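Computed from a predicted model, the values in this text were never measured in an experiment. Reckoned from all heavy atoms, side chains included, excluding hydrogens, waters and symmetry mates.
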Amino acid sequence: MSGIVFFRTERQDSVVEFYTETVGAEVWLEQPDCTVLKHGNMLFGFCDRDATDDCGILTFVYDSRAEVDEMHATVGDAAREEPHENERYDIYQFFADDPDGRTVEFQAFLHPVDL
């Protein structure tokens, strides 16, 4: 079994569009007021509510620095910073904001990992 992380949002359409059109997630399941997305092995959903959950970090992992650089170009002004090495975690990364202001991280491990 796998799991799903859900977030409340006041901007469901724009948030779902960001993750599908910009990040490359696909719609996995539509429910009456929730959309569940899939990106690789990650399932996450956004539910239309009167308040927004903007805490936590959604991290998308890529195989290479080049893919992280491509995502930096793709997210454009949503990026908070340039891609860079993080020596503490041995990753190449950058942070961005989704339309709700939620933190989104794009990274590649610089050491071998079994994904």
Side-chain angles (χ1 to χ4, degrees):
M1 285 305 272
S2 60
I4 305 169
V5 177
F6 284 97
F7 298 94
R8 297 179 300 169
T9 180
E10 298 168 84
R11 303 176 63 187
Q12 185 175 4
D13 292 340
S14 61
V15 169
V16 168
E17 181 179 333
F18 173 80
Y19 286 100
T20 56
E21 301 298 320
T22 305
V23 178
E26 60 188 55
V27 174
W28 185 74
L29 178 66
E30 283 286 0
Q31 295 178 310
D33 58 359
C34 294
T35 302
V36 179
L37 303 175
K38 180 177 183 177
H39 190 276
N41 65 355
M42 181 168 58
L43 296 174
F44 54 105
F46 297 97
C47 297
D48 188 21
R49 299 293 186 263
D50 291 335
T52 294
D53 294 320
D54 61 0
C55 57
I57 300 172
L58 284 166
T59 298
F60 297 91
V61 179
Y62 297 89
D63 291 328
S64 69
R65 291 172 183 250
E67 289 173 302
V68 172
D69 289 340
E70 286 175 30
M71 288 309 302
H72 187 265
T74 300
V75 303
D77 290 340
R80 294 182 187 170
E81 60 188 350
E82 294 295 317
H84 60 277
E85 281 191 32
N86 180 322
E87 292 181 13
R88 179 176 186 165
Y89 298 107
D90 201 17
I91 60 174
Y92 183 70
Q93 70 172 137
F94 75 93
F95 289 103
D97 295 313
D98 78 4
D100 276 337
R102 190 174 294 106
T103 300
V104 185
E105 179 183 23
F106 301 88
Q107 74 170 47
F109 288 99
L110 298 178
H111 54 86
V113 293
D114 185 17
L115 298 175

Backbone N or O of Y92 within a donor-acceptor pair of the R65 side chain at under 3.5 Å?
no
Which label fits F44 and F60: parallel for a plane angle under 30°, tilted from 30 to 60°, or perpendicular past 60°?
perpendicular
Starting from the C-alpha separation in whole Å, work towards a yes-or-no answer on side-chain contact (heavy atoms from CB on, under 4.5 Å) for V68 and Q93.
CA-CA 7 Å; V68 172; Q93 70 172 137; 5.9 Å; no
On a heavy-atom basis, which atom in A96 and which in A79 lie closest, and how many Å separate them?
CB-CA, 3.8 Å
Do the side chains of T103 and R80 get nearer than 4.5 Å, heavy atoms only?
yes
Could you check if a side-chain atom of F18 sits within less than 4.5 angstrom of a side-chain atom of D100, using non-hydrogen atoms only?
no
Show the nearest heavy-atom pair for residues Q12 and C47, with the distance to one decimal.
OE1-C, 4.4 Å
Rounded to the nearest 0.5 Å, the CG atom of N86 sits from the CD atom of E105 at a distance of 8.0 Å
For D13, is the CG atom crowded, meaning more than 12 foreign heavy atoms sit under 6.0 Å from it?
no
Check whether any side-chain N or O of H39 sits under 3.5 Å from a backbone N or O of T20 as a donor-acceptor pair, and report yes or no.
no
Would you check if L58 and Y19 make a side-chain contact, meaning some heavy-atom pair closer than 4.5 Å?
yes
Is there a path of hydrophobic side-chain contacts, each under 4.5 Å between heavy atoms of I/L/V/M/F/W/Y residues, joining F95 to Y62?
no
Test item: R102 and F46 side chains (from C-beta on) under 4.5 Å apart, heavy atoms:
yes
Under the side-chain hydrogen bond (donor to acceptor under 3.5 Å, both in side chains) definition, can you give me all pairs with a residue in residues 42-56, not counting sequence neighbours?
R8-D53, E10-T52, D33-R49
Any donor-acceptor N/O pair, E67 side chain to S64 backbone, under 3.5 Å:
yes
Any donor-acceptor pair under 3.5 Å linking the side-chain atoms of Q107 with those of T59?
no
For E87, does the CD atom sit with more than 12 other heavy atoms under 6.0 Å from it, leaving out its own atoms?
no
V104 vs M71, test: side-chain contact (heavy atoms from CB on, under 4.5 Å). Steps then yes/no.
CA-CA 11 Å; V104 185; M71 288 309 302; over 6 Å; no
Kindly indicate, with the supporting measurements, whether the criterion side-chain contact (heavy atoms from CB on, under 4.5 Å) is fulfilled by F94 and V75.
CA-CA 11 Å; F94 75 93; V75 303; 3.7 Å; yes
Note: with side-chain heavy atoms under 4.5 Å as the link, the other cluster members for F6 come out as I4, W28, L29, V36, L43
